[in-house]
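Everything quoted here is computed from the prediction, not taken from an experiment.
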2 protein chains.
Amino acid sequence: MASDSLPEKKRISESTIHRLSLYYRALTVLEKEGFETVSSKGLAKREKLTPAQVRKDLSFFGSFGTRGLGYPVVELRDKISQILGIDRSWRVALVGIGNIGSALVSYKEFQKQGFQIVKLFDNDQRKIGSNHKGIVVSDIKNLANELEPDNIEMVVLAVPATVAQYIVDDIVKAGIKAILNFAPVNLKVPDDVFLRNENMSMELEYLSFALVNDHIPKRVR
Amino acid sequence: MASDSLPEKKRISESTIHRLSLYYRALTVLEKEGFETVSSKGLAKREKLTPAQVRKDLSFFGSFGTRGLGYPVVELRDKISQILGIDRSWRVALVGIGNIGSALVSYKEFQKQGFQIVKLFDNDQRKIGSNHKGIVVSDIKNLANELEPDNIEMVVLAVPATVAQYIVDDIVKAGIKAILNFAPVNLKVPDDVFLRNENMSMELEYLSFALVNDHIPKRVR
DNA sequence: ATTTTCTTGTGAAGCATTTCACATATTTGA
DNA sequence: TCAAATATGTGAAATGCTTCACAAGAAAAT
């Protein structure tokens, strides 16, 4: 027979991807601490995971370790940054300059990981034209016109839940394929748009549940 | 025989608890929209889940629906709020009045879900004594003395990663059993303390991975 | 050089979660 | 009143994820 099977793109679980972020962070610290190599055991301990989990996660992407020795810290960190796509910088627009939005403009962690907020939008006339960390707030009406010419590839949405769907529709129309939403609402987007939700109340609700039910979770993110 | 088995506390998955939060939110909207009942199908559609999932989740806690009709919106919402422990208010302290911390003090969603931030702490002399939304910032040195008398049961931690572990140690010593951590670091706490992490960069990294790998995630939070 | 120790990478086993499918109960409509 | 339609609740099947356990490779020790 000519061909056995289709390319078959392997599906990586959300958990694995999140753990890659943890490994990346741990490896950054390990490098600072002067370690040249680290074992799956050592890495696991730092993030409260199991060595097998670490090895399995990494094995989805290749063989990066040396038997008897472990993983080279810097090399592995670089490899993970490639996998996650953070070996480059991303141009991000932030829509909604309220409480949360303002905080995110100044949030250094984004910058550090290569997520550069380079554009701000709001619909409030008092905010439009004002300057936040060197960026002038644009009118949200210009969203469609201003995103593409500025090479924006991601949008962080920090607007009230009531208007989030309208705005996300505009964002999608503007061709953006990745959105991080802080509004506590389930937004509808086409299948080819990646949407992640950051729902901070949800985590407090989880804590509330845990306290009330004295619940020991099986797995911890 | 006298006794068959031990009480056997059933373990609920993290995912189920998170979905309860989603159901709660959806039911709140449904009530506002004037619906008296909703089917598992209807509820599922609102949160992009399957009807079977909704029914299974709820079945862990009891039988709340009527065959042929669905679930009573208000009743189910109240029941879920009981399960999650948000049928009461929680007194929360916020430690770290930086970018994120300041935003969270004003974040109305917390208030709405019954999480009342009633105490603020910082170590910066310029911030101590200042007023945020009617709350005077206390010196972090007084953490141990001021949490218990004020009946604080949860702490939101929004301090730099470098000092987070020291502060969390104090928080634990003060008897707090539930902590929501915004610092991008893996904090060590005793087994009887519930710790949740809110890592906003992680979600951007997920989006980055998705864009680079054109990855369609299997399950979405 | 050889043995011992260490540690990876990975099928397979073990669990956990989700989905299926259907008996059962209730409502709706004729 | 009865049939048709609707929708729950739940074992069982299917799927997915984690852990186990070990062969194999490399380093360290002797």
*Asks:* Return the residues of residues 35-43 of chain B meeting this criterion: a heavy atom under 4.0 Å from some atom of DNA chain D. Order them by number, or give none.
*Replies:* Ser39(B), Ser40(B)

*Asks:* Does a side-chain heavy-atom distance below 4.5 Å link Leu104(A) with Met200(B)?
*Replies:* yes

*Asks:* Between the side chain of Thr16(B) and the main-chain N/O of Ile12(B), is any donor-acceptor distance below 3.5 Å?
*Replies:* no

*Asks:* Grab the N/O contacts between the protein and nucleotides 19-22 of chain D below 3.5 Å, and write none if there aren't any.
*Replies:*
from	atom 1	to	atom 2	distance (Å)
dT19(D)	OP2	Thr50(A)	OG1	3.1
dT19(D)	OP2	Gln53(A)	OE1	3.3
dA21(D)	N6	Arg55(A)	NH2	3.2

*Asks:* Can you name the ring pair (Phe, Tyr, Trp, His ring centres under 6.0 Å) partners of Phe110(B), sequence neighbours left out?
*Replies:* Tyr107(B)

*Asks:* Please give, in whole Å, the distance from dT17(C) P to Asp57(B) CG?
*Replies:* 11 Å

*Asks:* Within the 3.5 Å criterion, strictly below it, is a donor on Glu109(B) or Ser201(A) matched to an acceptor on the partner's side chain?
*Replies:* no

*Asks:* With a 4.0 Å heavy-atom cut-off, tell me which residues in residues 75-86 of chain B come close to DNA chain C, sorted by residue number.
*Replies:* none

*Asks:* Counting only heavy atoms from other residues, nucleotides and ligands, does the tally under 6.0 Å from CZ of Phe60(B) exceed 12?
*Replies:* yes

*Asks:* Checking Ser208(A) side chain against Leu204(A) main chain: does a donor-acceptor pair fall under 3.5 Å?
*Replies:* no

*Asks:* Donor-acceptor pairs are to be reported for all side-chain atoms of residues 30-40 of chain A against protein atoms at under 3.5 Å, with residues two or more places apart or in another chain.
*Replies:*
from	atom 1	to	atom 2	distance (Å)
Glu31(A)	OE1	Arg77(A)	NH1	2.3
Glu33(A)	OE1	Arg46(A)	NH1	3.3
Glu33(A)	OE1	Arg46(A)	NH2	2.7
Glu33(A)	OE2	Arg46(A)	NH1	3.4
Ser39(A)	OG	Lys41(A)	N	3.4
Ser39(A)	OG	Gly42(A)	N	3.0
Ser40(A)	OG	Arg55(A)	NH1	3.1

*Asks:* Please verify the inter-ring angle class for Tyr206(B) with His18(A); under 30° counts as parallel, over 60° as perpendicular, anything in between as tilted.
*Replies:* tilted

*Asks:* Is there a donor-acceptor contact under 3.5 Å linking the side chains of Gln165(B) and Asp169(B)?
*Replies:* yes

*Asks:* Please pick, from dC17(D), dT17(C), dT18(C), the nucleotide with the shortest atom-to-atom distance to any side-chain atom of Arg19(B).
*Replies:* dT18(C)

*Asks:* Rounding to a whole Å, what distance do you find between Phe61(A):CZ and dT10(C):P?
*Replies:* 14 Å

*Asks:* Output a table of nitrogen or oxygen pairs between the protein and nucleotides 24-30 of chain C separated by less than 3.5 Å.
*Replies:*
from	atom 1	to	atom 2	distance (Å)
dT24(C)	O2	Arg67(B)	NH1	2.6
dT26(C)	O4'	Arg67(B)	O	3.0

*Asks:* Are Arg196(A) and Glu14(A) close enough for a salt bridge, meaning some N to O gap below 4.0 Å?
*Replies:* yes

*Asks:* Would you mind reading off the distance between Tyr71(A) atom OH and dA27(D) atom P, rounded to a whole angstrom?
*Replies:* 15 Å

*Asks:* Checking the side chain of Asn197(B) only, and the main-chain atoms of Asn199(B) only, is there a donor and an acceptor separated by less than 3.5 Å?
*Replies:* no

*Asks:* How many whole angstroms separate atom NE2 of His18(A) from atom P of dC17(D)?
*Replies:* 14 Å

*Asks:* Are any side-chain N or O atoms of Asn99(B) and backbone N or O atoms of Ser106(A), one a donor and one an acceptor, separated by less than 3.5 Å?
*Replies:* yes

*Asks:* Can you check whether Ile97(B)'s main-chain N or O pairs, donor with acceptor, with Asp122(B)'s side chain at less than 3.5 Å?
*Replies:* yes

*Asks:* Which whole-number value in Å describes the distance from Ile12(B) CD1 to dA16(C) P?
*Replies:* 13 Å

*Asks:* Rounded to whole angstrom units, what separation is found between the CG atom of Leu49(B) and the C1' atom of dT17(C)?
*Replies:* 13 Å

